[in-house]
J.: 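Handing you this structure, nothing more for now.
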Amino acid sequence: MTNSFSSTTSQDLPWLYRGISEIFPSKPDSDNTTENLALLIAKINRPLRVKLGIDPTGTDIHLGHSITFRKLRAFQDAGHTAILIIGDFTARIGDPTGKSDVRRQLSPEEVAQNAKTYLEQVRSILDFDTPGRLEVRYNSEWLSNLNLEKILGLLSTMTVGQMLAKEGFAERYEKENPIYLHEFLYPLMQGYDSVAIEADVELGGTDQKFNLAVGRDLQRHFGQTPQFAVLMPILVGTDGVQKMSKSLGNYVGLSEDPLTMYSKLEKIPDSLIKDYFELLTDLPLEQLPENPRDRQKLLALEIVTQYHGKEAAIGAQQASLNLVQGKTNINTDAVPEFSLDGIEFPVTLSFILKASGLCSSTSEARRQIQGGAVRVDGERISEINQSFDSPESLNGKVLQVGKKNFLRMVR
RNA sequence: GGGUCGGUGCCCGAGUGGUUAAUGGGGGCGGACUGUAAAUCCGCUGGCUUACGCCUACGCUAGUUCAAAUCUAGCCCGGCCCA
């Protein structure tokens, strides 16, 4: 085709190029559809098969994961087929990417349960309804049937040197940490997924580059046209430093209640907010508010709206405002509730704090009280042995620890 | 398989028989301040249905001792070197 055609493609496909980190192979001037994704999209007369794999290793999906899901949705909206691969088999080995330790191996039951909750959570991002836009596949379908002969075939496509070049392995090897042989199999299995479903494109975080590249190698090995890899940036967590992850506690989970979500998002560090808008919303980046505080609020409102709807988002915003200002008349539904039903009265405040999950132990609860962190309906409690005689005295009141943890006690 | 070094609380890392939940740093949480941010300062950072009391802790187990994270033996796990 002509050069003019391919040089305009990046403007023609804003849905593809927004917020991405890298596409490879990438030769924007090439007229070969195997090395120019924009051209392939323009010329092909069938839906592309766009792969995204997730390993159901935990239970919560957070905004960091949502980035690739959102890109997958963009492909769906452009008419392509999303192939969502649930790594029920690979989850049991554990992706060594970015890990400094071996992963614990999960039982089949855990994996099945996690997979179920994952699907529920991505329901709000992906198009589950339009026919032909989504395939959900479990990789045990093909991986559990590989015999040793086939496994040897996969293994023989890569050298130890190539494996050790992978960042996670290189680092661990450097630090003299253990690397187990079964971990070497992980990239090959993920790559084989691409072969099994005949992927045209695979999405992943930048940390997945190696694994996606292995997929290309294996597809070529099996006589298929190698997939394109679309890499998305890794989202920095709410601490503004490390990547968002549940274990670091700097995450915003998709299934969190509106108020919790809002409270976390409205304090995103200034340095991060632009990335958050780019990666997590569709808002035009040129039109963001000047005032940093307004930007934070808009971001929080927008994202909560995506997952809980406009009304809940506005409610969360209002509730957050009230709580911070110490107002006692909180009438929104946005504050999570805690039932006093199972509590025997009289009861100490520290016990309620533990029972409600606001504190992880009664000892911690006592410390928090001593540290002045605990409020009931905005009023600070500093008496360690504060206790309550009946549920009536607490019903409807808001219990708060610190600035961002609160819930309403109900009978 | 052999040799050697090592396994301490969320992480790193002191500590080598006896005031002790175990120096210090990081991280986390809380308070003040602020833009509910950042920076800074201060406090907390095993658990216990209710605490000048009890329990659990330094890879595991069994010992020595009035007394062990610290000594002994066996075991488990990891790194490196050799095979």
Side-chain angles (χ1 to χ4, degrees), chain A residues 99-102 104 164 169 171-181 183 236-243 245-252 259-277 288-301 304 316-327 330 334-335 340 342-375 378-389 398-406:
Chain A
K99 293 289 160 184
S100 48
D101 294 311
V102 198
R104 185 176 75 88
L164 283 177
F169 290 143
E171 204 180 304
R172 284 160 64 181
Y173 196 67
E174 195 65 23
K175 285 186 174 170
E176 305 190 335
N177 286 332
I179 300 172
Y180 289 85
L181 284 173
E183 298 182 84
V236 175
T238 54
D239 60 354
V241 182
Q242 294 185 273
K243 75 168 188 176
S245 94
K246 187 172 183 188
S247 53
L248 292 172
N250 60 352
Y251 74 108
V252 180
L259 181 55
T260 304
M261 204 179 240
Y262 186 91
S263 312
K264 288 180 180 180
L265 288 168
E266 71 166 346
K267 330 185 287 191
I268 293 297
D270 296 349
S271 57
L272 245 59
I273 199 136
K274 189 127 189 197
D275 289 343
Y276 269 54
F277 272 112
L288 300 181
E290 282 299 310
N291 183 309
R293 189 80 190 104
D294 291 339
R295 280 207 295 272
Q296 290 175 318
K297 286 180 178 171
L298 176 64
L299 177 76
L301 195 64
V304 176
Q317 185 168 57
Q318 193 55 47
S320 164
L321 195 65
N322 288 347
L323 278 166
V324 166
Q325 293 177 350
K327 289 188 182 170
I330 299 157
V335 184
L340 296 168
I343 308 283
E344 275 185 47
F345 284 81
V347 67
T348 54
L349 180 57
S350 52
F351 183 73
I352 297 179
L353 286 167
K354 182 197 170 190
S356 63
L358 286 174
C359 294
S360 57
S361 69
T362 50
S363 297
E364 190 200 325
R366 304 185 121 246
R367 280 186 232 115
Q368 294 289 20
I369 295 170
Q370 279 180 312
V374 178
R375 293 163 190 268
E379 191 176 332
R380 179 168 295 167
I381 308 276
S382 49
E383 171 51 48
I384 307 176
N385 291 315
Q386 178 74 256
S387 67
F388 303 95
D389 293 332
V398 173
L399 181 62
Q400 185 176 358
V401 176
K403 287 171 188 158
K404 54 185 173 182
N405 307 301
F406 24 68

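Chain identifiers are assigned alphabetically (A, B, ...) following the order of the sequence lines, protein sequences preceding nucleic acid strands; residue numbering begins at 1 within each chain. Model, not experiment: these values are computed from the prediction.
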J.: Counting the atoms with a prime plus P, OP1 and OP2 as sugar-phosphate, which does A:R367 contact under 4.0 Å by heavy atoms, base, sugar-phosphate, or nothing?
T.: sugar-phosphate
J.: In this structure, how many angstroms lie between the P atom of B:rA37 and the CG atom of A:L299, rounded?
T.: 16 Å
J.: A:K354 side chain N/O closer than 4.0 Å to the phosphate oxygens (OP1, OP2) of B:rC48?
T.: yes
J.: Between the protein and nucleotides 27-29 of chain B, list every N/O to N/O distance that falls short of 3.5 Å.
T.:
residue, atom, partner, partner atom, Å
B:rC29, O2', A:Q368, NE2, 2.7

J.: Heavy-atom distance under 4.5 Å between the side chains of A:I384 and A:S350, does that happen here?
T.: no
J.: Rounding to a whole Å, what distance do you find between A:I369:CD1 and B:rG31:P?
T.: 13 Å
J.: Can you find a heavy atom in the side chain of A:L353 that is under 4.5 Å from one in the side chain of A:V374?
T.: yes
J.: Nearest-nucleotide wise, let me know which of A:G371 and A:S363 is further upstream toward the 5' end of RNA chain B.
T.: A:G371
J.: Can you check the distance between B:rC29 and B:rA37, where both ends of the measurement are the P atom (answer in whole Å)?
T.: 12 Å
J.: I want to check something: taking the side chain as every heavy atom from C-beta on, are A:V401 and A:F406 in contact at a cut-off of under 4.5 Å?
T.: no
J.: What's the CZ-C1' distance between A:R293 and B:rA38, to the nearest Å?
T.: 13 Å
J.: Side chain of A:R366, heavy atoms from C-beta onward: which of B:rU50, B:rG35, B:rC77 has the nearest atom to it?
T.: B:rU50
J.: Return the nearest nucleotide to the side chain of A:F351; candidates are B:rG79, B:rA51, B:rU49.
T.: B:rU49
J.: If you define the side chain from C-beta out and look only at heavy atoms, does anything of A:L299 sit under 4.5 Å from A:F277?
T.: yes
J.: So does A:T362 get a side-chain nitrogen or oxygen closer than 4.0 Å to the phosphate oxygens (OP1/OP2) of B:rU50?
T.: no
J.: Anything under 3.5 Å between a protein N or O and an N or O of nucleotides 55-60 of chain B, put it in a table, one pair a line.
T.:
none

J.: Measure the distance from NZ on A:K267 to C1' on B:rU34 and round it to the nearest whole Å.
T.: 13 Å
J.: By nearest nucleotide on RNA chain B, pick out whichever of A:V374 and A:I268 is the more 5' one.
T.: A:V374
J.: Which whole number of Å gives the distance between the P atom of B:rG17 and that of B:rC44?
T.: 31 Å
J.: Round to a whole Å and report the spacing from CD of A:E176 to C1' of B:rG7.
T.: 15 Å
J.: Pick base, sugar-phosphate or nothing for A:R380, based on heavy-atom distances below 4.0 Å to the nucleic acid.
T.: sugar-phosphate
J.: Kindly indicate, with the supporting measurements, whether the criterion side chain to side chain contact (heavy atoms under 4.5 Å, CB included) is fulfilled by A:T260 and A:V252.
T.: CA-CA 8 Å; A:T260 304; A:V252 180; over 6 Å; no
J.: Write down the distance separating the P atoms in B:rA21 and B:rG30, rounded off to the nearest Å.
T.: 28 Å
J.: Could you tell me how far B:rA73 sits from B:rU64 if I compare only their C1' atoms? Round to whole Å.
T.: 11 Å
J.: With no hydrogens and no angle check, is any side-chain donor or acceptor of A:R172 less than 3.5 Å from a backbone partner on A:N177?
T.: no
J.: Give a yes or no on this: more than 12 heavy atoms of other residues, nucleotides or ligands lie within 6.0 Å of atom CD of A:E383.
T.: yes
J.: Side chains of A:D389 and A:F345: does their closest heavy-atom pair fall under 4.5 Å?
T.: no
J.: Can you confirm whether A:D270 sits close enough to A:Q296 that some side-chain heavy atom of one is under 4.5 Å from a side-chain heavy atom of the other?
T.: yes
J.: Can you check the distance between B:rC33 and B:rA39, where both ends of the measurement are the C1' atom (answer in whole Å)?
T.: 10 Å
J.: Within a strict 4.5 Å, meaning less than it, do heavy atoms of the A:V236 and A:D275 side chains meet?
T.: no
J.: Taking the side chain as every heavy atom from C-beta outward, state whether A:T348 and A:N385 have any atom pair closer than 4.5 Å.
T.: no
J.: Distance-only, no hydrogens or angles: does the A:N405 side chain make a donor-acceptor pair with backbone N or O of A:Q400 under 3.5 Å?
T.: no
J.: Answer yes or no for A:K297 and A:Y262: cation-pi contact, defined as NZ/CZ to six-membered ring centre under 6.0 Å and angle to ring axis within 45°.
T.: no
J.: Between B:rC82 and B:rU16, how far apart are the P atoms? Round to whole Å, please.
T.: 34 Å
J.: Would you say the side-chain atoms of A:N250 pair up with the backbone N or O of A:K243, donor to acceptor, closer than 3.5 Å?
T.: yes
J.: Let me know the distance between CG of A:D389 and P of B:rU49, rounded to the nearest Å.
T.: 19 Å
J.: From B:rA37, B:rU50, B:rC77, pick the nucleotide closest to the side chain of A:D270?
T.: B:rA37
J.: Taking only the C1' atom of each, what is the distance from B:rG24 to B:rG9 in whole angstrom?
T.: 14 Å
J.: CD of A:Q400 versus P of B:rG30: gap in Å, rounded?
T.: 11 Å
J.: Using only side-chain N and O atoms of A:Y173, determine if any of them is under 4.0 Å from OP1 or OP2 of B:rG79.
T.: no
J.: Which dot-bracket notation, 5' to 3', represents the base pairing of RNA chain B when pairs are defined as Watson-Crick or G-U with both distances under 3.5 Å, crossing pairs as [ ], and inter-strand pairs as |?
T.: ((((((((.[[[..)..(.....]]]((((((.......))))))(((....)))...[[[[[..)....]]]]]))))))).
J.: Using the P atom in both, what is the distance from B:rC42 to B:rG25, to the nearest Å?
T.: 12 Å
J.: Within this structure, what is the CD1-to-P distance between A:I381 and B:rG31, rounded to whole angstrom?
T.: 14 Å
J.: With heavy atoms under 4.0 Å as the rule, sort A:S361 into base, sugar-phosphate or nothing.
T.: sugar-phosphate
